[in-house]
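Read the structure below first, then the notes.
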Amino acid sequence: MTVQALRLVLGDQLSCELASLQHLDPLHDCVLLAEVAEEARHVPHHPQKIAFVLSAMRHFAQALRQRGVRVEYVTLNDPANTGSLAGELQRFVQDVRPQSIHITEAGDWRVEQALNATGLPITWHAATRCICSRGEFARWATGRKQLRLEFFYREMRRKTRLLLDANGAPEGGAWNFDADNRKPLPKNVRGPLVAHFPPDALTSEVLALVAEQFSEHYGSATNMDYPVTAHEAEQLWQHFLAFALPAFGDYQDAMAQGEPFLFHSRISAALNIGLLEVRRLCADVEAAYRAGKVPLNAAEGFIRQLIGWREYVRGIYWLKMPEYAHSNQFNNHRTLPDFYWTAKTRMNCMQQSIQQTVDYAYAHHIQRLMVTGNFALLAGIKPQAISDWYLAVYMDAFEWVELPNVIGMVMHADAGYLGSKPYCASGQYIKRMSNYCENCAYNVRESTSERACPFNALYWHFLMRHRTLLAANPRLAMVYRTLDAMPEAKQQALWQRAETWLSRLDAGETV
Ligand SMILES: Cc1cc2nc3c(=O)[nH]c(=O)nc-3n(C[C@H](O)[C@H](O)[C@H](O)COP(=O)(O)OP(=O)(O)OC[C@H]3O[C@@H](n4cnc5c(N)ncnc54)[C@H](O)[C@@H]3O)c2cc1C
Ligand code: SF4
């Protein structure tokens with residue numbers, strides 16, 4: 001067959017608006033999609049995540065074919081499959097000898113490196129799905145020793161003109177309403193019922209394949225209940241707009257037993273692979289606010305996650321890779337406790353957050369940051385070990401978004417490049433923002449007894465052991481003053497109790 005342009009579409013680029021699919025000539029061009037073992041296995045991805053990506057790829061290929069596009073699709077168990085994206089690209093180039101090869105910038109550094117290493121003359125297209133290009137972010141970051149989300153976010157608000165008034169000032173007189181978004185969930189409030197997406201024939205086929213080939217991976221695919229097409233993703237989005245967005249702001253940081261999703265959108269995985277488009281989502285949220293359907297703290301809070309945090313972490317990732325992945329300012333060495341994989345722990349907050357991760361390949365931001373992340377930070381887990389865990393277990397996990405969240409936001413391993421202070425907290429924070437402590441084997445009000453909440457002593461131990469690096473941070477001045485005001489005996493008791501927890505972790509005991 002003669003092919004003018006070969007257009008490789010990666011598994012997280014499933015959008016007809018993709019830059020490399022523009023100017024596609026259906027008579028002479030060919031689109032290539034390949035399911036490869038290297039991507040499915042480079043960490044032990046949750047089977048629901050593998051099934052989600054493969055099923056979405058197959059549906060996308062089907063949709064392109066229905067529009068008259070010539071698609072070459074390589075399945076995971078195709079005997080000719082070389083097992084890597086680079087290998088498949090080379091194989092097809094040899095086969096069809098295209099006049100040109102087109103790919104949109106990859107999400108992950110590793111993938112782009114591997115494709116470039118083929119030496120093939122690839123025409124790279126900018127990832128226009130993002131609001132801030134790699135170059136634009138690099139220009140913004142130039143000359144800044146540390147970056148701050150808040151300033152970047154304001155630039156993005158000005159650029160997109162989202163939630164600005166006629167004079168270009170922020171709607172409501174402030175850029176950020178985060179202070180309104182920290183309410184715990186009142187006892188009588190429940191999240192909306194979740195929208196369901198039962199598997200169709202194509203997804204069922206993929207589920208069988210995944211069950212057969214990835215049975216050793218963490219979690220199971222049987223609960224898979226997530227959109228795999230742009231149409232389904234739109235249904236998920238509309239459900240969120242109507243039923244969850246109004247309370248998203250108020251309860252953004254809340255956690256509750258048996259409420260895995262609360263008022264969160266669950267759109268991250270669909271968005272990350274191209275089934276939803278970020279500008280459209282933000283426009284819908286702004287429209288809902290202007291129509292009086294949602295309060296400003298909800299609309300601003302949601303838009304900040306998308307054009308602020310999401311673009312910010314992508315910018316940092318591409319600016320700082322590959323060395324960013326090895327950051328470890330606290331010099332942590334501890335391995336990841338087994339209960340991150342099994343959910344077998346007596347700490348109820350950890351048990352709940354990990355169990356829902358096993359069940360749904362999902363946890364919301366505060367569970368990731370202030371429960372599983374906070375514990376890893378306090379316990380001194382090696383950043384690369386906890387990062388590999390996050391990359392494996394969440395349906396939405398792609399390195400460009402996962403890595404800076406873990407290395408920078410959770411582990412503060414980048415010496416404060418991404419954020420101004422570590423998000424370390426004792427059990428008191430979890431008690432304030434959730435009802436987990438009510439059902440826990442540990443007592444959140446105690447710090448040094450055998451029954452005491454492990455987060456408490458570990459929190460003070462973290463601050464004591466990293467005093468040299470952290471005490472000068474003005475945002476931690478108050479906690480160091482509190483620590484210094486404690487009687488020496490109390491400080492020693494906290495240190496000893498934390499040492500006990502850490503040695504139990506090292507011995508592989510259940511905590
Ligand atoms: C340790 C850690 C690891 C994370 N790993 C990932 C990951 O691999 N992939 C991923 O998409 N998100 C990641 N996040 C960010 C965030 O936790 C998820 O995007 C969010 O929980 C997804 O659920 P949701 O769609 O219901 O989000 P909502 O709470 O409804 O938020 C809306 C959207 O905002 C975006 N968003 C919110 N916070 C962030 C953030 N910190 N960084 C980037 N985007 C954000 C997401 O696209 C999300 O869908 C991580 C956060 C932490 C603390
Ligand atoms: S007492 Fe401590 S370990 Fe238990 S749920 Fe509360 S914060 Fe978590």
Side-chain angles (χ1 to χ4, degrees), residues 12 49 107 149 181 236-237 240 244-245 248-249 251-253 255 257 260-273 276 278 281-282 285 301-314 316-317 345-353 361-377 383 386-387 389-411 418-419 423 425-447 451-459 511:
D12 60 353
K49 177 182 178 186
L149 177 273
N181 292 6
L236 176 67
W237 173 243
F240 168 73
L245 179 61
F248 172 84
Y251 305 124
Q252 193 178 346
D253 287 3
M255 298 175 279
Q257 177 117 10
F261 309 112
L262 278 174
F263 296 93
H264 293 272
S265 64
R266 293 170 67 208
I267 57 156
S268 49
L271 178 63
N272 290 349
I273 69 161
L276 291 167
V278 69
L281 303 183
C282 292
V285 172
F302 196 81
I303 286 174
R304 177 154 29 90
Q305 307 311 313
L306 288 180
I307 68 168
W309 280 113
R310 190 166 181 272
E311 297 285 329
Y312 182 65
V313 297
R314 179 178 180 271
I316 290 180
Y317 176 81
T345 160
R346 290 195 295 272
M347 294 180 282
N348 191 39
C349 53
M350 293 287 280
Q351 201 282 330
Q352 293 282 318
S353 304
Y362 179 89
H364 67 68
H365 186 68
I366 293 300
Q367 294 172 309
R368 298 188 207 193
L369 179 63
M370 300 309 295
V371 180
T372 48
N374 186 24
F375 189 85
L377 173 72
I386 182 72
S387 173
W389 181 78
Y390 280 108
L391 189 59
V393 302
Y394 290 111
M395 181 116 74
D396 61 21
F398 295 88
E399 193 184 76
W400 66 266
V401 52
E402 172 273 335
L403 192 78
N405 268 298
V406 178
I407 296 289
M409 199 186 302
V410 161
M411 299 304 288
L418 178 147
Y423 284 90
S426 71
Q428 288 307 316
Y429 174 87
I430 294 169
K431 176 178 176 287
R432 192 165 65 248
M433 296 312 301
S434 78
N435 56 6
Y436 292 148
C437 303
E438 292 167 20
N439 298 304
C440 187
Y442 295 109
N443 187 337
V444 73
R445 281 176 292 277
E446 293 179 21
S447 302
R451 284 190 60 230
C453 166
F455 280 86
N456 291 341
L458 286 172
Y459 169 71
V511 171

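Note that the structure is a prediction, hence the values are computed from the model and not measured. Numbers here are sequence positions counted from 1. Atoms within a ligand are numbered from 1 in the order they appear, just like the ligands themselves.
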Atom indices of ligand 1, in the order listed, that fall short of 4.0 Å to a heavy atom of L271: 47 (O)
Contact with ligand 1 for Y362, non-hydrogen, under 4.0 angstrom: yes
is_close_aromatic(Y362, Y394), centroid dist under 6.0 Å: no
Nearest-contact summary for atom 31 (O) of ligand 1 - protein heavy atom, Å: F302 CE1, 4.1 Å
F261 contact mode with ligand 1 (heavy-atom cut-off under 4.0 Å): neither
Atom indices of ligand 1, in the order listed, that fall short of 4.0 Å to a heavy atom of F248: 28 (P), 29 (O), 30 (O)
Contact (N/O only, under 3.5 Å) between V406 and ligand 1: no
Shortest protein heavy-atom distance from atom 19 (O) of ligand 1, along with the residue and atom involved: S268 CB, 3.9 Å
For H365, the ligand 1 atoms whose distance to one of its heavy atoms is below 4.0 Å: 15 (C), 16 (C), 17 (O), 21 (O), 41 (N), 51 (C), 53 (C)
Close-contact set for ligand 1 against R266 heavy atoms, below 4.0 Å: 24 (P), 25 (O), 26 (O)
Expected output: side-chain Y390 to main-chain E399 donor-acceptor under 3.5 Å: no
Value rounded to 0.5 Å, distance of OH in Y436 from CD in Q351: 10.0 Å
L276 side chain near L281 side chain, heavy-atom distance below 4.5 Å: yes
Under-4.0 Å heavy-atom contact with ligand 1, by part of Q252 that carries it: neither
Per-residue contact class, V410 against ligand 1 - non-hydrogen pairs under 4.0 Å: side chain
Atom indices of ligand 1 within 4.0 angstrom of H364 heavy atoms, with elements: 21 (O)
Per-atom contacts, ligand 1 versus F398 - under 4.0 Å to a heavy atom: 8 (O)
Nearest protein heavy atom with distance in Å, relative to atom 42 (N) of ligand 1: N405 ND2, 3.1 Å
Nearest-0.5 Å distance that lies between atom CE in M409 and atom CG in L377: 13.0 Å
Top protein contact for atom 38 (N) of ligand 1, by heavy-atom distance: Q305 OE1, 3.3 Å
Non-hydrogen side-chain atoms of N456 and E446 separated by less than 4.5 Å: no
side-chain hydrogen bond (donor to acceptor under 3.5 Å, both in side chains) evaluation trace for Q257 with N348: CA-CA 9 Å; Q257 177 117 10; N348 191 39; 2.9 Å; yes
Nitrogen or oxygen of W309 less than 3.5 angstrom from that of ligand 1: no
Q367 (side chain) donor-acceptor with H364 (main chain) under 3.5 angstrom: yes
Ligand-side contact atoms (ligand 1) for residue partner M409, heavy atom cut-off under 4.0 Å: 41 (N)
Plane angle bin for W309 and Y312 - parallel if under 30°, tilted between 30 and 60°, otherwise perpendicular: perpendicular
Verdict with reasoning, Y459 to S447, per side-chain hydrogen bond (donor to acceptor under 3.5 Å, both in side chains): CA-CA 10 Å; Y459 169 71; S447 302; over 6 Å; no
Candidate list R310, R266, R368, test salt bridge (Lys or Arg N to Asp or Glu O under 4.0 Å), partner D396, passing option: R368
Residue-ligand contact F240/ligand 1, heavy atom below 4.0 Å: no
For atom 12 (N) of ligand 1, the protein heavy atom that lies nearest, with its residue and separation: V401 CG2, 3.6 Å
Side chain, backbone, both or neither: N272 near ligand 1, heavy atoms under 4.0 Å: side chain
Ring-ring centroid check H264 F248, cutoff 6.0 Å: yes
Gap separating the CD1 atom of I430 from the CZ atom of R432, nearest 0.5 angstrom: 10.5 Å
F240 and F302 aromatic centres sub-6.0 Å: yes
Protein heavy-atom partner closest to atom 6 (C) of ligand 1 - residue, atom, separation in Å: R368 NH1, 3.4 Å
4.0 Å heavy-atom contact, A363 with ligand 1: yes
Under-4.0 Å heavy-atom contact with ligand 1, by part of T372 that carries it: neither
Atom 2 (Fe) of ligand 2: protein N, O or S atoms [distance under 2.8 Å]: C453 SG
Check: Y390 N/O within less than 3.5 Å of ligand 1 N/O: no
E402 side, atom CD; L391 side, atom CG - distance, nearest 0.5 Å: 4.5 Å
Distance, nearest 0.5 Å, that separates CD of Q305 from OG of S268: 11.5 Å
Numbered atoms of ligand 1 (with element) below 4.0 Å of L369, judged on heavy atoms: 53 (C)
Lys NZ or Arg CZ of K49 over F398 ring: under 6.0 Å, within 45°: yes
Taking atom 29 (O) of ligand 1 as the reference point, the nearest protein heavy atom with its distance: H264 ND1, 2.6 Å
Point-to-point distance, once rounded to the nearest 0.5 Å, from NE2 of H365 to CG of D253: 7.5 Å
Closest protein heavy atom to atom 8 (O) of ligand 1, given as residue, atom name and distance to 0.1 Å: A397 CA, 3.0 Å
Any donor-acceptor N/O pair, N374 side chain to A425 backbone, under 3.5 Å: yes
